[in-house]
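Working notes, beginning with the structure itself.
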Amino acid sequence: MKKLSQLEVGKKGVIKEFTDLEMSLKLMEMGCLPGEEIKLERIAPLGDPIAVNVSGYMLSLRKQEASTIILQ
Amino acid sequence: MKDEIKVALVGNPNTGKSTLFNVLTGLNQKIGNFPGVTVDRKTGHCSLPDGRRAEIIDLPGTYSLYPKSRDEAIVFSVLADQVNDQRPDLIVVILDASNLKRNLLLYTQVADLKIPVIIALNMMDLAKKDGITIDIDALSKKLGVMIVPISARRNEGIDKLKQSIVNANKFALQQDSVDTRSIAPELVDAISEELAIDNPYFALQLAHQHETLSYLTPAQSDRIEELEKIHGFHSQKAQASETIARYNYINDLLYDTVKKAESAEEETASNRIDRILTHRVFGFLIFFSILLFMFQAIFAWSSYPMDLIEKLFVWMQGGVHDLLPPGPLTDLLADGVIAGLSGVLVFIPQIAILFAFIAILEDTGYMARVTFMMDKIMRKVGLNGKSVVPLIGGFACAVPSIMSTRTIENWKDRMITIMVTPLISCSARLPVYTLLIALVVPNRNVWWIFNLPGLALTFMYVLSMVSAIVVAWVMKHILKARERGYFIMELPVYRMPRWSNVALTMYDRSKTFVIEAGKVIIAVSIILWVLASYGPGDNFAQIEKKYSESKYGQTMKPSEIEHAKASEKLESSYAGYLGHFIEPVIKPLGYDWKIGIAIITSFAAREVFVGTMATIYSVDGDTEEIQPVKAKLANARNAETGQLTFTLASSFSLMMFYAFAMQCASTVAVVYRETKDWRWPAVQFLYMTVLAYGISFLTYQLLK
């Protein structure tokens, strides 16, 4: 089971599911959907949050939030 | 047909909604409140090709109708309010063509409310650059709505959009996107029947949001709650299945209407810029350089226009004395109103430059990167990356900044941000700092590029940031959280600032400053001049009598007698009594009773300080020689000790007082408005005043 927060910079993954219902609502509205490809673009200078490329734009979220996204 | 139609603009953040609003309405704008809620409502008018007028309503940017923050909650409550006449006749949904999938989510929700909709498809150029081709006709046919491609920044397609607004009601309503009733069929039917609603999606939304909608009666809201229990409704699960259903529909929709070039892998320009601007070393260096440059610029660039304005007012003050017959009214105008105004209006250039910088940082998308970089630090002290925007905005003015905290989703983060934002040195403190720094800090260059006053000013600003962070950290441990915090935010693509927008902001803010501050200052100046020019009982008559005795005429020159008389009159005036009354309290801080008067008057607004000092020293000073405020204060001496009033110790002590005390009635009012609880502004006022007193005391005692 690989989480989004474990992805390396520059690597891609495909979203499989979420571990947190409340967080999943917010993430899905922002275009993070099961089946969607997601790429870790960069990590903030202090190690958190991270920036990902998803459904064609750049989204930033904290690692804690990224850890609720399970990749295929 | 009505002669005026109401058109609401709805869209995701960063889609160019506000640019379109500015293009449609020009200078024809007005900011008010939404009825029932105290959230900014920007409206404007534009004339349509058929001669009618359209009232354009700019709604806050949102990703969906399910609100995450106070700002977003407005959108649904305005669109759905069927009782109030605020409900728009037509909605223009603005979609970012380069990011259609996510943008269409909001569109399908709005469309299902069955208010007439048209789509303004913005940023076609960006989409083209990304290799995206959109079959607009096919998409329009599938959705059953008009789609108008526009470029809000380049003012393209606007006439077509206006024509479409005219034609909008001649077409059938848009098609349903998903079958929202099927998400909770029994509940939707029950609510529809109970409240006589004919739109199933509206009924479903009520099930989710009934608690926050002000136009539902408590009885209605309770009844919906009851129905939810009966039918076993789970709000979050229902939202999740709705969102998935909508994205399925959108995927179908885009399958054969939008083509994306496969080779769109190459790095975008935005990405390359981000490599540098959010670099772990350069990122912070650049951020702090920008801040430092900003303060240096405010200090350096503004000195020439400031000199000019200063001279203009000295000339006006002299002119009034020369032209009008001598008497109390002339004195009031020249020494009360004009002297008071000059002390403040001179800061227009600095304020305009400050707001220009902030507008540019926001507009280019850089502010979002600062948020991204600072989140971790901010979180440590109990704030949120999103708190950076109000805090930087706080350099301009705490009032709009506190209103901008509405975008912070988390209650605790938002409250702490509100509590510490007034600590950030706002533009109203700038006059006080500038004046006092000019009095005691020599104008010398150090290390070639920095000048000493500029560094002193930067120090005051850095101090304000540090104090905000420390106080936030303390509050983090005091306040109890009700919900968990999160940080999910779009990083918009870098863009050139819209210079017309920057100019509009500069003009708008300076105008507001002049009018708002001007009103207070004229009022305070007049009151103060009266208080300073009249005294209780026959005080003034006795002073006149005393100086008419011949012994003064022999030992003193007439101008010296005039001056001594004026000083003594001020001291025995009503204002003098007030100043003397609080003198024991402020003496340990290094202030005399004249400064005491200024502190009392400036509790309403800090910028009154300079005006008050100008008025006091004009009343007190030589009428023969009219000088700018700075020169008057530089020569001011303490009547008892004969020493200069503004020494390094007393000036810095005074700056500390102004840095920490919450002397701003508008901020008190806005904190109450935003928190809806008098305890918040009360606590804030108290802690800031105590802090101000303590730090000023220490500063004076250490530097003395």
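Here is the naming used below: chain letters follow the sequence lines, and residue numbers restart at 1 for every chain. Basis for what follows: all heavy atoms, side chains included, without hydrogens, waters or symmetry-related copies.
- A side chain to side chain contact (heavy atoms under 4.5 Å, CB included) with Y57(A) is found for exactly one of N99(B), N12(B), V493(B), namely N99(B).
- Both the backbone and the side chain of D274(B) come within contact range of chain A, judged by heavy atoms closer than 4.5 Å.
- For the residue pair P45(A) and H279(B), the shortest heavy atom distance occurs at CG-O, 3.9 Å.
- When the shell of 6.0 Å around NZ of K259(B) is examined, it contains more than 12 heavy atoms from other residues, nucleotides or ligands.
- Counted within 6.0 Å of CZ on F288(B), heavy atoms from surrounding residues, nucleotides or ligands total more than 12; the atom is thus considered enclosed.
- Interface residue R379(B): only side-chain heavy atoms are found under 4.5 Å from chain A.
- Residue I488(B) touches chain A through both its backbone and its side chain, counting heavy-atom pairs closer than 4.5 Å.
- For the set V54(A), L27(A), L21(A), I43(A), the count of heavy-atom pairs under 4.5 angstrom toward chain B peaks at L21(A).
- Nearest heavy-atom pair, R62(A) versus N384(B), reported as atom, atom and distance to 0.1 Å: NH2-ND2, 3.8 Å.
- Between chain B and the options M23(A), Q64(A), E22(A), E65(A), the largest number of non-hydrogen pairs under 4.5 Å is found for E65(A).
- Contact of the F372(B) side chain with the M58(A) side chain is not registered, since no non-hydrogen atoms from C-beta on lie closer than 4.5 Å.
- If you measure heavy-atom distances from L33(A) to chain B, the contacts under 4.5 Å come from the side chain alone.
- Two residues are said to be in side-chain contact when any heavy atoms from C-beta on lie closer than 4.5 Å; M373(B) and L46(A) fail this criterion.
- With a 4.5 angstrom heavy-atom cutoff, S270(B) does not touch chain A via any of its atoms.
- The shortest non-hydrogen separation linking L25(A) to Q239(B) is CD2-CB, 3.5 Å.
- If you tally non-hydrogen atom pairs under 4.5 Å between each of Q236(B), E490(B), R280(B) and chain A, the highest count goes to Q236(B).
- With a 4.5 angstrom heavy-atom cutoff, L100(B) does not touch chain A via any of its atoms.
- Comparing A44(A), G47(A), S55(A), P49(A) by heavy-atom pairs within less than 4.5 Å of chain B, the highest count is held by P49(A).
- Only the side chain of Y247(B) comes within less than 4.5 Å of a heavy atom in chain A; its backbone stays farther off.
- Between the side chain of R102(B) and the main chain of C32(A), no donor-acceptor pair closer than 3.5 Å is present.
- Ranked by heavy-atom pairs under 4.5 Å with chain B, the first of A51(A), G56(A), S24(A), G35(A) is A51(A).
- Salt bridge R275(B)/E41(A): absent, no basic N to carboxylate O contact under 4.0 Å.
- T243(B) and E29(A) get closest at one heavy-atom pair: CG2-N, 4.3 Å.
- To the nearest 0.5 Å, atom CD1 of residue I50(A) and atom CG of residue D375(B) are 12.0 Å apart.
- For the atom pair OG1 (T68(A)) and OH (Y486(B)), the distance works out to 12.0 Å, reported to the nearest 0.5 Å.
- Considering every non-hydrogen atom in both K26(A) and K68(B), the closest pair reads CG-CE, 3.3 Å.
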